[in-house]
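Presented below is the structure to which this report refers.
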2 protein chains.
Amino acid sequence: MSSTQLSRKEQIDQVATSLFKSRGFAATTMRDLALELGIEAGSLYSHIKSKEDILQRVCFKMADEFNAAFDEVKTKDVPAAEKLRLAVAAHVRVLTKNPPAAGVFLNEWRHLSEPSLSKFHDMRFQYEESLREIVREGIASGEFKVTDEKFVVLTLLSSLNWLHMWYKPEGKMSPDEIAEFLSNLLLNGLKNF
Amino acid sequence: MSSTQLSRKEQIDQVATSLFKSRGFAATTMRDLALELGIEAGSLYSHIKSKEDILQRVCFKMADEFNAAFDEVKTKDVPAAEKLRLAVAAHVRVLTKNPPAAGVFLNEWRHLSEPSLSKFHDMRFQYEESLREIVREGIASGEFKVTDEKFVVLTLLSSLNWLHMWYKPEGKMSPDEIAEFLSNLLLNGLKNF
DNA sequence: TACTAATGCGAACGGCCGTTAGCAAATTTA
DNA sequence: TAAATTTGCTAACGGCCGTTCGCATTAGTA
């Protein structure tokens, strides 16, 4: 069924990702990971550099995906409310496309060591700042009735970023339906505050 | 300034809690913990049974606090919308009273082993079920315009449960102001869906 | 004062951890 | 076919982990 053949390294990353998500990075051992792949722990090192090496790839790949999805939205010339709706949809799409990776991205990044950790922080700040910018636009234009754009973005991301905890691809709601539901709920809150 | 004198065991729990929150349970060593307290690792075991022993106390103490705060709300005879508002306020109050413990409760519970883990799951389900019940009430009475109470509660808790990540007691918003802001945002969303 | 509980030290235990090294197949490429 | 790459094994390393043990010291209590 799966279309493209994964390289051994990609397989390792994928299996590691779901283990990192379900058990946590620190609580996942290389021997666990090897067992899941049906090989010995030492054999992993023919393909990867280190345990954190995997974590880095997962975290920054997800960061790239969030940025790419968001960059498309940024360029659109639409009212702030609509732009925010698109941003929410983009965020949900990335989040639901690969829930294990999303979970690692959201919960395990703190196990990155410097300088990756700082780089990650920066990227995250940039992303959030872009969202705040949209909300500021909406406040200025009178579309949103709130005043504290920081708080709004925090709440927005909070409700989105828990998604990976319960979302199941086989569930009855599609990512687009989820995105629409969340947009409605949150944007109506902003407009009628 | 602090009113009551903490026993050594309570001190350990408290310091451990903030370490568990900032580094994660698995990545916090007993030697780290001991260092923070200015004693040797072995000395900890004059006061506690095991590392997980601490985690259990923190998790179930927080669970009790959430339940206690919520039980007060349950008994009130008010419309569903108002009840939900009170529940949100209660939840925020517990969450902000002790952010490190809240963080452990929300993110580190998975390191509990059986049978604690199952017990924790059950308590959590009960709590969420009670919230769903309120939302169902509100849907039935026409106060809320949504249809999927599961999704609503998930979104509600999501936005609340990220709070401990950025809330600082010395910040400019008080817990009550935060609770009011969140209630307004989310309830307006529900009513005008 | 004598007893008891609380508190802590230092050394050590068995075990698991991430990682490395040297070597051997198998597979791909030329 | 020959060379190069990919993939994997076994064994081991140094180190850190949670925890235990026996013993000392201190503080509270009768």
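No hydrogens, no waters, no symmetry mates; every other heavy atom, side chains included, goes into these values. First the proteins, then the strands, lettered A, B, ... as listed; each starts at 1.
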Problem set entry | Separation of atom CG in B:Asp53 from atom C1' in D:dT19, rounded to whole Å | 13 Å
Problem set entry | Value in whole Å for how far the C1' atom of D:dC16 lies from NZ of B:Lys51 | 12 Å
For this session: Would you mind reading off the distance between B:Ile48 atom CD1 and C:dA6 atom P, rounded to a whole angstrom?
Result: 16 Å
Seminar exercise, completed: Of the listed C:dT19, D:dG8, D:dT10, the closest approach to the A:Ser46 side chain comes from D:dG8
Exercise. Rounding to a whole Å, what distance do you find between A:Leu37:CG and D:dC9:P?
Worked result: 11 Å
Exercise. Could you state the CG-P distance from B:Leu6 to C:dA6, rounded to the nearest angstrom?
Worked result: 16 Å
For this session: Assign the ring pair B:Trp162 / A:Trp162 to parallel, tilted or perpendicular, where the plane angle (0 to 90°) is split at 30° and 60°.
Result: perpendicular
Problem set entry | A:Ser141 side chain to A:Gly138 backbone, donor-acceptor under 3.5 Å | yes
Exercise. Under 30°, 30 to 60°, or over 60°: which ring-plane class applies to B:Trp109 and B:Phe120, parallel, tilted or perpendicular?
Worked result: parallel
Problem set entry | Rounded interatomic separation in angstrom, taking NZ from A:Lys49 and P from C:dT20 | 10 Å
Seminar exercise, completed: Whole-Å distance, B:Tyr45 OH to D:dG18 P, equals 7 Å
Exercise. Atom CZ of B:Arg8 to atom P of D:dG28: distance rounded to whole Å?
Worked result: 14 Å
Exercise. Where the side chain of B:His47 is defined as all heavy atoms beyond and including C-beta, which of C:dT7, D:dT19, D:dG8 is the nearest nucleotide?
Worked result: C:dT7
Problem set entry | DNA chain D contacts made by residues 22-34 of chain A, counting heavy atoms under 4.0 Å | A:Arg31
Exercise. Any side-chain N or O of A:Ser43 less than 4.0 Å from the OP1 or OP2 oxygen of D:dC9?
Worked result: yes
For this session: First locate atom CG of A:Leu156, then atom CD of A:Glu128, and finally report the distance between them rounded to the nearest 0.5 Å.
Result: 10.5 Å
Exercise. Regarding B:Arg132 and the six-membered ring of B:Phe151, is the cationic atom NZ or CZ under 6.0 Å from the ring centre and inside 45° of its axis?
Worked result: no
For this session: Could you check which of C:dT7, D:dG8, C:dC9 has an atom nearest any side-chain atom of A:Ile39?
Result: D:dG8
Exercise. Starting at the 5' end of DNA chain C and moving along, which residue's nearest nucleotide shows up first, B:Ser7 or A:Glu52?
Worked result: B:Ser7
For this session: State whether A:Arg85 and A:Glu180 are salt-bridged, where the test is any N-O pair (Lys NZ or Arg NE/NH1/NH2 against Asp/Glu carboxylate O) under 4.0 Å.
Result: no
For this session: Have a look at B:Glu40 and say if it touches a base, only the backbone sugar-phosphate, or nothing, with a 4.0 Å heavy-atom cut-off.
Result: sugar-phosphate
Exercise. Got a salt bridge between A:Asp77 and A:Lys83, using NZ or NE/NH1/NH2 to carboxylate O under 4.0 Å?
Worked result: no
